[in-house]
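First the proteins, then the strands, lettered A, B, ... as listed; each starts at 1.
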Amino acid sequence: MKIVVIQNIQRALLTSARLLRKLSLGFIIAGFFALPAFSQNVHLKGSVINENGSPVTGATVLVKGTTRGVSSDDKGVFDINVAPGDVLVVSSVGYTPLEVAVNGKKALRITLISSSNSLEQVIVVGYGTQKKKDITGSIVTVSAAALQETPSANLISELKGRAAGVDIVSNSSSPGASGQIRIRGNRSITSGTNSNSDAIDAPLLVVDGIPYGGSINDLNPDDIATLDILKDASATAIYGSRGSGGVIIITTKRGKPGKAVMGYNAYYGLSNATGEYKVFNGPQFAQLKLDAAAGNSINPGTNAYALTQAEQAGLANGTSTDWQKLIYKQGQTTDNELSLSGGTEMTQFSLSGGFYKETGIIPGQDFTRYSIRSTIDHRINSKLKIGLNTLNTVSFTDYGGNPVGGLVRLSPLVSPYNADGSVNKLPETGAIDGATVNPLSILYDANAILNNDRRLRTFNSLYGELEIIPNLKYRINIGLDYSQDQSGSYFGPNTFYNSSTALSGANESVANAEAYTYTIENVLTYDKTFLQKHRLTFTGLYSVQKDHYQSSGFSGSGIPADYIQNYNLTLANTITAPSGQSSFSERGLISYMARVNYAYDNRFLLTATIRTDGASVLSPGNQYFTYPAVAAGWNIANEKFMNNISFISLLKLRGGWGITSNQGINPYSTLGTLSTNFYNFGAGTAGQNIGYLVTNLANKNLKWESTSQTNIGLDFGLLKNRITGSIDIYDQRTKNILLPENLPASNGAQSTIVNAGKTKGHGIELNLSTINIQTKSGFTWSIDLNFTINREQIVQLQNPSVKANIGNLWFVGQPLNVIYDVKKIGIWQTKDAALAATYGEHPGQIRVQDVNNDGKIDASDAQIIGTYQPKWIGGITNRFTYKGFDLSVVIYARMGQTVAVPYLTSDGGANGFDFFNNSRNNQIKIDYWTPNNPTNNFPGPDASADKFIYASTLAYQDGSFIKMRSINLGYTISPKILSKAGISSLRVYVTAENPFILYSPLVKSGLALDPEGNGYSGGVTSAVTSSTPVSQRSITVNLNAPPVRQYNFGVNVRF
Amino acid sequence: MRYYKKIGYTYLITFLLIATGCSKLLQEQPRSQITPAFFSTPAGILGGIAGVYSDMRNLWGTEGFTNITLAGTDEYLAGGSASGTWFWTYNGLAAKTDDMDGLWGIAYQDINTLNGVLQFGAAAGLDSTTRNQYLAQAKFLRAFYYFYLVQTFGDVPLHLTFVTVPSQADTRTPIKDVYTQIIKDFTDASTQLSPTPTAPFLGKPATQAAALYFLAKMYLTRGWSSAAQSGDFQTAYNIANTLITNKATYGVDLWQDYNDANKPGNEYGKETLFVVDRESDLKYGERTTGSRASGAKENGTCFFFRPNYPTVNANYPASGGGPIMTRDIANGRPFIRIRPNVAYSMNVAFAERANDSRYDKTFQTTWIANTPNVTTPRGTLRIGIDTGIWMPGYEVTDAQRAAFTGVIFSPSNYTTVMFPSMKKYDDPNRADVNDASTRPFIFAKFSDVYLVAAEAAFKAGDNTNAAAMLNVVRQRAAYRTTNTPGQNAAAATAMVITPGQVTLDFILEERTRELYGECQRWWDLVRTHTLADRLSRYNPTEAYPGFVAGGQTGSTYNYTLRPVPFNIEISLITEGTPFLQNPGY
């Protein structure tokens, strides 16, 4: 069954032509087209709802071919006089316009399908708005309704698989986790840490016009009205030095004139691990120890990790403890949002309060957020308008600990409890790891474990808008953003996370961080239509922004009592200020921007922008950089020659080019840093000094990396926009990429950062929305589909002669993130013992490819054996509505990438899974080699080995997957029933999130639970290249909290 | 209309805020990191100097660097656990240019820091006396590094300004110009530094005395070199003699007893000219305890010269009987890295041991029993009383052996792991036998000033003064606390040499006697162009074959320069003139 589904999905995603054909058939069956009828006016009362059953307020209802029309009220209801044969054209921003034949009816219920392709839809393009029809860049819009189909703690999780060109990968499954987001892939070649690479290649977020940094968890997704994702450089160049990663513009909900509307959105969810990491059970673990003894390559037949007395007893009495089951629990999620909005023509307001709480499946992990938000818009007079938006959140995150790695290691042959029912404190007593404390200590010692963060965020934006003269508007936006984090931890002794036995071994820490940003933007807009056909919009900007961040943190060890936790570090035995915990940075940005939009006759469109950014982080003389962009569009459908081609309702060709940057240079980088050391002149304290050395050279000439991108796109609408979509192809070239360059040591420092690297990328994106079936009986079936192919490549490293940097896994001509190692081709089998011996190996060990056939395995046999770059990604959302019922099904696919699973390997050092396959500890259940099991999957256990040669090759696995992201079934109760209760709409729904995985070779193999990954880097050192073939920014599958399957029950009520 | 006004005012205020803020918005003010501009403050200038001193801990006292200074010479052979075998044999040295990364990289890193101090430090708000003294420290250290660079690598890049623009090009400066600069810096330092250590530069950092010593040695070295100028040797002699004449001014002098110069606790004493400091404080001493865990900057000299005494068994030379000695603080941690080249050090340099006390004061001869229940075939050893192992330094008779309860190691019994133990670096004040030394590394001693003067006088043709200078050192070496004054006087008389006895060999042998193990030998032989000759005479099997084979055929300068690091220097010079490797590598 699964396979069939998979094939269908693949086919659907890949062969759009066939899909279109099927759809056309569907339209004919649906009998959609209206029949003409005779005129005799009647009074028609109707209601407009969306596919979720919520009323659509302010929808325009026009009699086709006339100027007669009305709008729907706040309950979506309208009255109109029509002739029985009239056709009504119903439209509203954010929805696909719909034509409905009256057919003599006196009452109509009209369902509008939300659409990202409606021509009149207003798109926020940054420092202004434009109608969809005038857009020349590559912009995709995601509505709040779509986001709500996949309820989550934050926006990033909700966006997965929802827009072409937007690639999101998890990096954790703990509560409140978000993920790594990339628009059109990576551009920068970074080493450094994940957060560094996120800062460089991640998109810029803009909330209500103000750039938004910091945690995405500070934004309650319920407050979001729409997302406009600016993808190509012609659209993002207005954000200059911050535009190269794309821009996500978030517009929050605001009040509308009319009666005050109160809304309540809530859901409650229960989550469970989708599974446990599969480990050996009791008898299998005992067998592993026997096999490891047999495979002992130093003292054959012996095992230093033989079963303890307790384990032998456990084996005899059938003990097989499932440690994971003891610890994993059911998680709960609750989300509540109460809102009130409304206003007069002069003043509109909205208020909302939210409460979100998610507890994880690992004890001690949870995330709680309280949010309060309000907006006010006030028109002082015909020329002047002001407004305020304030978003405030307080969030509490308990990170707990990560017990999974430890749980997997525990012997299944011992019981968690003693015979008298008490907790067996040291279950592995007698074994080499006998100090391990029972993981049940996580549950019972509430005071012993603390690891949390309390965060306050207040994000405010104030604007004033003045019409200086007709068509010329001046707007000022002032943003003030402040956040503060207080975090800390305490890990007491005698717990699973800290096996020391005395309070002197306790570890505690506290840290504080605060950040603030102010932004002041002055925007001048001139908008005028000349001679009817020439429409000109000019936007000018002058803005300043300053970001401030500072933090401090201290750690201690030893504490008088567990309950002190980290509340008073002066009671600690020792206190340290770990490096990196205390920091300060400020950066300033001054920007000028001008944009001209010109449209001729609704057919020809031209956008030209230029932005200049001055940045404090660069040296004087290099601080300013200018970003030009130009784009053109041609509304082909508006040409006369298209009038006769009735099945095409929209056809627009767009093309653009622009230059953008990322802000990959940290403050003070160009000033140089002195490193510190210590020295004593003489023996007394008087001569003790802190010393300073110049160990890295500042590069005063640093400038931004810059990306030039060309985009060509086609927007289309067929069959009266029942099929809409867009195709974009792009090519991007990034140069001046910051790279560390080794210097001749005689410079006084051995490396510096230079602008040297080059990368390129190209790709294709398809967004397609179709209304497949729309019957008179109210049944609709629509599909939103997106599909992305992105290819990245390194073009140049430090200089043209450098073709590879193996240490950093950079190879000219290859994707930015690759795996470079020897390639496992199997396990040496008994019959090949002689050949194995020539390589210094024996049967049961990993056999790798001798690429150059020189009879030995060395660095020259290493090859690129995989990339973290997916071949394609896609998402498909099917929506069905029928008589108040609505059903949406979201499927998300990411195919063709390799992932690294470090816990299937060990390098004998700090990386991988220590003592993998030597039977010291339990481990993931693998199909390992023995003389009687001549598998090619995993090597034979060896009790004497703390590492296996070429073990790193075991980590690389196929990370492809197709996941059922969510199934959301709702029912909207008829307004007739509700109106007596003062309720204007009520929808109840159930959602299944991550209900099942449709396709994943990795999960199917039983070696992992989630192919999406849940951590950064962490690979193991290759035996031949001496480097870790998993780059710092690669997302890997680690032994972290298992993924969860969640079922939600929710309501949306409006009063 | 009131609204208009209010809004108008708001705009006006906002604009003013922007206008006043903008000029500062693009200026950076770091607060959580120290930038090079810090060198223009009093704390920064001192910190830069301290930072360089601290960085020297990465070289002097470490194993790799000790190898570079001693291995492959006439005085030493590789111990049983020696590292860097290519330095001992010269075999495969060409492929080990990375081993020179430490000296090359640290020297240039420190030189650049010092250039920063000198460049920014002039603006530091210090009174001129203090500032000059601080800057003189920087000049001294810069000259010090160039002195070692040029002796080790020949022509080297000469940088005298703080590097602000990284470059992929660099060129070698002829040694002549490097020497000129070194002389200039040492000359400045010799007048601007304080004559004796004064706060904040306590202990034995650079002083006028140290600067004069290095200046004399610099002239001496240049006199020997291809960049020699006439009068170099005489100048060297004059400077050394000035230092000797004015030793009271500089607070330096010889101890009466040679032993006191290397005695723990005397590191800052009158004979010490210059140290690389260490101390017991974990933070400022930059050390760890227990197992020398992160010993990159720790002083390991107390380990390297020790034989493997804990493995000598009670039944020696037969097997069995258990170890006589247990590793302890007094006898030290045996690293077995460096052993004396008996053929030269014992049989030539330290051959005379009756009047010359230095053999006894350089080598450990007895290991007092420290292990319970050790019984040799000749009896049970009493802890703290009996000698468990005795290395008399000469052959003994069978009867002597039979009469001695412990085990005797005579020269014929020496092996690669059991050999005379050099004791100058002993540190009895460590807490744990595995701890590195907390003693400062003594870099230069006042006695060397006499040896420099002697060598300079000899090269200037003045054997009389050469002999006079040598005799000061030699007569002091005759002194033993155990002697009567009469015996000491007689021994001192016996130590006197005549001008006719002064030869280059004699001077080099005197240096061995006076400075054995003090991390100068390789440079001494290179300076005096005697490396090839002395290896052929005294180290014909371990070092000489590789030394000859590796160098340019027929050259007398085989491997007399170390290789410039390939990976951190030569291969990275991608612009401008290619940077050529030294001959033979």
Does the pair A:Glu741 and B:Gln168 meet the rule for a side-chain hydrogen bond (donor to acceptor under 3.5 Å, both in side chains), with working shown? CA-CA 10 Å; A:Glu741 179 166 48; B:Gln168 298 290 329; 3.0 Å; yes
Nearest heavy-atom approach of B:Tyr284 to A:Tyr679 is CD2-O, 3.7 Å
Tightest non-hydrogen contact, residues A:Ala615 and B:Leu26, listed as C-CD2, 3.8 Å
Side chain / backbone / both / neither for [X] at chain A, heavy atoms under 4.5 Å:
| X | result |
| --- | --- |
| B:Phe579 | neither |
| B:Asp277 | both |
| B:Pro157 | side chain |
| B:Leu46 | side chain |
| B:Val117 | neither |

Under a 4.5 Å heavy-atom cutoff, which of [options] has the most pairs with chain B?
| options | value |
| --- | --- |
| A:Ser801, A:Gly687, A:Gly672, A:Ala698 | A:Gly672 |
| A:Leu589, A:Val694, A:Asn680, A:Asn677 | A:Asn680 |
| A:Pro667, A:Gly682, A:Ser583 | A:Gly682 |
| A:Thr752, A:Asn701, A:Asn742 | A:Asn742 |

- [ ] Test A:Tyr692 against B:Phe38 for ring-ring contact (aromatic ring centres under 6.0 Å, His included), laying out the working first.
- [x] CA-CA 9 Å; A:Tyr692 303 92; B:Phe38 185 56; 4.9 Å; yes
Do the side chains of [Y] and [X] get nearer than 4.5 Å, heavy atoms only?
| X | Y | value |
| --- | --- | --- |
| B:Val163 | A:Leu697 | yes |
| B:Glu28 | A:Val617 | yes |
| A:Ser616 | B:Leu25 | no |

Contacts of A:Arg611 meeting salt bridge (charged side-chain N to carboxylate O under 4.0 Å, His left out) (sequence neighbours excluded), chain-then-number -> A:Asp613
Using a cut-off of under 4.5 Å on heavy-atom pairs, state which of [options] scores highest against chain A.
| options | value |
| --- | --- |
| B:Arg57, B:Glu267, B:Lys204, B:Arg278 | B:Arg57 |
| B:Ser54, B:Gly203, B:Pro205 | B:Ser54 |
| B:Gly48, B:Pro565, B:Gly105 | B:Gly48 |
| B:Leu149, B:Asp55, B:Ile111 | B:Asp55 |

Side chain, backbone, both or neither: which part of [X] has an atom under 4.5 Å from a heavy atom of chain B?
| X | result |
| --- | --- |
| A:Val754 | neither |
| A:Gln550 | neither |
| A:Thr673 | both |
| A:Ser585 | neither |
| A:Ala683 | both |
| A:Leu743 | both |

Got a second to check how far [X]'s [atom1] is from [Y]'s [atom2], nearest 0.5 Å?
| X | Y | atom1 | atom2 | result |
| --- | --- | --- | --- | --- |
| A:Leu674 | B:Gln33 | CG | CD | 9.0 Å |
| B:Lys283 | A:Phe678 | NZ | CZ | 4.5 Å |
| A:Glu586 | B:Arg31 | CD | CZ | 7.0 Å |
| A:Phe681 | B:Tyr268 | CZ | OH | 10.5 Å |

- request: Show your working on side-chain contact (heavy atoms from CB on, under 4.5 Å) between A:Leu693 and B:Val52 and close with a plain yes or no.
  value: CA-CA 7 Å; A:Leu693 282 179; B:Val52 169; 4.0 Å; yes
Below 3.5 Å, can you tabulate the donor-acceptor pairs from side chains in residues 568-575 of chain B to any protein atom, sequence neighbours excluded?
residue, atom, partner, partner atom, Å
B:Glu569, OE1, A:Ala745, N, 2.9
B:Glu569, OE1, A:Ser746, N, 2.8
B:Glu569, OE1, A:Ser746, OG, 3.3
B:Glu569, OE1, B:Trp104, NE1, 2.9
B:Glu569, OE2, A:Ser746, OG, 2.6
B:Ser571, OG, B:Phe566, O, 3.1
B:Ser571, OG, B:Asn567, O, 3.4

Practice item. Decide whether B:Glu279 and A:Gln688 meet the rule of one side-chain donor and one side-chain acceptor closer than 3.5 Å. Key: yes
